[in-house]
Amino acid sequence: MKGKKNKLKKPELNWMDSSAILDAKDKLENKKVRGVVRWVFEIAVTLAFAALVAIMLFQSVTMQESSMEPTLAVGDRFFVNRIVYKVSSPKRGDIIVFRTNASDDAALHIRRVIGLPGETIQIVDGQILINGETYKEGKDFPTISNPGMAANAITLNSGEYFVLGDNRNNSEDSRYGDIGKVSKKYITGKLWFRISPVKEIGPLKG
């Protein structure tokens, strides 16, 4: 009887140990990691850009004076659009935020634009005259009892605006020397969005 030859078993190759497979796994894992890193980076850049835009475009301001009652109440908070007047000019009826001088410490004021550059403003018998014509506002504001400096005609130069508070008989505005004509370079922006009180949150309706 012939002896059986012992056959040597060839070592089984584990496909998981294949160098090609390992290389593929490494590349896949690296690709996943790069994808996650790229995704995190894109999110971070988007958030940073959004924050930068918010800072550039908007700031919040609190109504400190009763000069705009009943339209705006003391304590109401708003977002101010800071960019709109970089690309355009204030319009009649806009509610603007401004300082009386270039100092960063100067108080912010909120008033309504009445007179535009080049116009002549005067208040006679409680009525606002623009270039000699009675201005019809379309809102039920109180008749003005004190015209202040506007008892005489006030001519606005380039870049100057005449503003009034909606609370016409209890407002320090362009009728008085402490405010006077408002220079565009001191205008911070346009009142845009009410953020408090909560029940009135939403775009400002002038």
Side-chain angles (χ1 to χ4, degrees), residues 54-123 126 128 130 135 137 139-152 154-197 200-206:
I55 291 171
M56 290 177 62
L57 293 183
F58 309 110
Q59 74 176 85
S60 64
V61 64
T62 300
M63 190 68 205
Q64 303 282 3
E65 309 156 303
S66 62
S67 57
M68 289 297 292
E69 292 180 344
T71 308
L72 312 176
V74 174
D76 286 1
R77 296 186 65 223
F78 305 88
F79 278 137
V80 180
N81 187 329
R82 300 176 60 187
I83 202 70
V84 62
Y85 296 142
K86 304 294 184 185
V87 297
S88 64
S89 295
K91 297 178 176 59
R92 199 183 325 279
D94 284 0
I95 299 177
I96 63 171
V97 180
F98 63 95
R99 302 180 191 274
T100 54
N101 58 58
S103 172
D104 290 336
D105 296 327
L108 290 172
H109 300 281
I110 300 173
R111 303 288 187 274
R112 188 181 297 275
V113 174
I114 301 298
L116 305 176
E119 294 180 338
T120 297
I121 309 298
Q122 189 172 11
I123 298 175
I128 301 168
I130 299 178
Y135 172 45
E137 295 187 83
K139 293 181 180 290
D140 189 22
F141 295 129
T143 300
I144 297 172
S145 60
N146 184 1
M149 297 188 301
N152 299 311
I154 296 174
T155 299
L156 301 167
N157 297 318
S158 176
E160 292 181 340
Y161 296 83
F162 186 93
V163 300
L164 291 175
D166 288 357
N167 189 358
R168 295 291 158 85
N169 296 310
N170 189 22
S171 171
E172 188 175 16
D173 44 46
S174 290
R175 292 173 290 172
Y176 306 103
D178 287 347
I179 299 289
K181 304 176 196 176
V182 176
S183 174
K184 185 179 180 181
K185 63 183 177 181
Y186 298 146
I187 297 176
T188 301
K190 180 181 179 180
L191 219 60
W192 172 68
F193 193 94
R194 194 191 305 262
I195 55 179
S196 76
E200 295 185 30
I201 287 177
L204 185 66
K205 297 178 181 179

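Hydrogens, waters and symmetry mates are skipped; everything else that's a heavy atom, side chains included, is used.
Taking CD from Glu119 and OG1 from Thr155, the interatomic distance works out to 10.5 Å, rounded to the nearest 0.5 Å. Separating the CZ atom in Arg175 from the CG atom in Asn146 is a distance of 6.5 Å, to the nearest 0.5 Å. Expressed to the nearest 0.5 Å, how far CZ of Arg77 lies from CZ of Arg194 amounts to 13.0 Å. Rounding to the nearest 0.5 angstrom, the gap separating the CD1 atom in Ile96 from the CG atom in Leu108 is 11.5 Å. Expressed to the nearest 0.5 Å, how far CE of Met63 lies from CD1 of Ile95 amounts to 9.0 Å. The structure places CD1 of Ile154 at 7.5 Å from CD1 of Ile123, a figure rounded to the nearest 0.5 Å.
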Trace of the side-chain contact (heavy atoms from CB on, under 4.5 Å) decision for Arg168 with Asp166: CA-CA 5 Å; Arg168 295 291 158 85; Asp166 288 357; 4.0 Å; yes
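Across Arg111 and Ser171, no two heavy atoms sit closer than the pair NE-OG, 3.7 Å. Contact detail for Lys184 and Ser89: the closest heavy-atom pair is NZ-OG, 3.2 Å. Smallest separation of non-hydrogen atoms from Gly180 and Ser174: O-OG, 2.7 Å.
Residues Ile144 and Ile128 meet the side-chain proximity criterion, which asks for heavy atoms closer than 4.5 Å. Using a 4.5 Å heavy-atom threshold, the side chains of Ser66 and Asn170 count as touching. Counting only heavy atoms from C-beta outward, the side chains of Leu116 and Leu156 never approach each other to under 4.5 Å. Side-chain contact between Lys190 and Lys91: absent, with no pair of heavy atoms (C-beta onward) separated by less than 4.5 Å. Between Leu72 and Leu204 there is a side-chain heavy-atom pair separated by less than 4.5 Å. Within the 4.5 Å cutoff, side-chain heavy atoms of Phe193 are placed close to those of Ile201. Residues Leu164 and Arg112 are not in side-chain contact: their nearest non-hydrogen atoms beyond the backbone lie 4.5 Å or more apart. The closest side-chain heavy-atom distance from Ile195 to Phe79 is below 4.5 Å.
Screening Ile110, Val113, Ile179, Thr188 for a side chain to side chain contact (heavy atoms under 4.5 Å, CB included) involving Phe98 leaves a single residue, Ile179.
A distance-only check finds no donor-acceptor pair linking the side chain of Glu65 to the backbone of Val74 [under 3.5 Å]. With Glu200 contributing its side chain and Pro197 its backbone, the two residues share no donor-acceptor pair below 3.5 Å.
In this structure, Arg92 is positioned above the aromatic face of Tyr135, its NZ or CZ under 6.0 Å from the six-membered ring centre and within 45° of the axis.
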